[in-house]
Amino acid sequence: MVMAGAPGETEWTFELLGGRLCLDFANTVSGRRVTDPRDRLHDYAGLLSWGRQAGAIGEAQARRLLAEARRRPADAERAFREAIALREALYEVFLAFAQDRDPGKAGLEAVNAALGRALAHRRIRRGEGCCAFGWEEVPGALDAVLWPVAASAAELLVSGDDLARVRVCGLYESGECGWLFVDQTKSHTRRWCSMKDCGNRAKARRHYRKVKAAGA
Ligand SMILES: [Zn+2]
């Protein structure tokens with residue numbers, strides 16, 4: 001299924017390395033977040049694409065929401081802007097925790113507002129054994145993709161141990177990467193959002209500096 005907004009446009013593959021849905025959502029901006037951000041979300045169709053890849057919504061729901069968005073483009077644009085505002089609030093809040101700073105009032109208020117909207121649609125479903133949490137199916141609720149994100153943020157914020165393990169990528173200080181993740185290593189020593197990308201980049205740089213120092 002092609003979820004891209006424009007014909008011929010290919011779907012972006014999101015890297016889901018945060019360990020929590022809310023952090024993967026916050027990580028939809030790459031690059032130098034402050035000075036040269038590369039935003040991977042450009043429109044409502046892109047938001048649905050992320051939601052589907054990250055597991056916030058299912059295939060069928062994504063298709064229904066995309067059709068709804070095409071019928072109501074102005075509402076879809078509003079839902080997209082709301083999503084971006086929530087994403088920025090989540091990023092600020094969890095970055096603050098990663099840096100042992102106070103997250104401030106505004107960010108938590110934004111999370112609470114999103115949580116309130118989400119919880120109105122939280123439902124108990126018959127699942128394996130007995131019951132499981134699910135979400136109400138509301139035809140036309142364009143913000144449904146944000147409900148599991150808000151719930152994920154709330155769960156992480158009250159988690160205690162996991163909240164204390166929220167980290168920002170080791171390349172944050174140099175301004176190259178601002179991705180957030182929960183450090184789930186036993187030794188609590190994960191430094192990079194991705195060893196393959198940022199970890200290797202840092203390693204190559206250390207190696208270069210060593211070689212240069214030895215040659216000087
Ligand atoms: Zn990184």
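One-based numbering, in listed order, for ligands and for the atoms of each.
In this pair, W147 and W135 present their aromatic rings tilted. The plane angle is within the 30 to 60° band. Taking the six-membered ring where tryptophan is involved, the planes of F14 and W12 are perpendicular, since the angle between them exceeds 60° and thus also 30°.
Considering only heavy atoms from C-beta on, V166 comes within 4.5 Å of L163 through its side chain.
Around the Zn ion (ligand 1), the protein contributes the following N, O or S atoms under 2.8 Å, ordered by chain and number: C169 SG, C177 SG, C193 SG, C198 SG.
Note on D24 versus R20: no salt bridge recorded, every NZ/NE/NH1/NH2 to OD/OE distance being 4.0 Å or above. With respect to the salt-bridge test (charged N to carboxylate O, under 4.0 angstrom), the residues R205 and E176 qualify.
A cation-pi arrangement is present between R190 and F181, with the terminal nitrogen or guanidinium carbon under 6.0 Å from the aromatic centre and inside a 45° cone about the axis.
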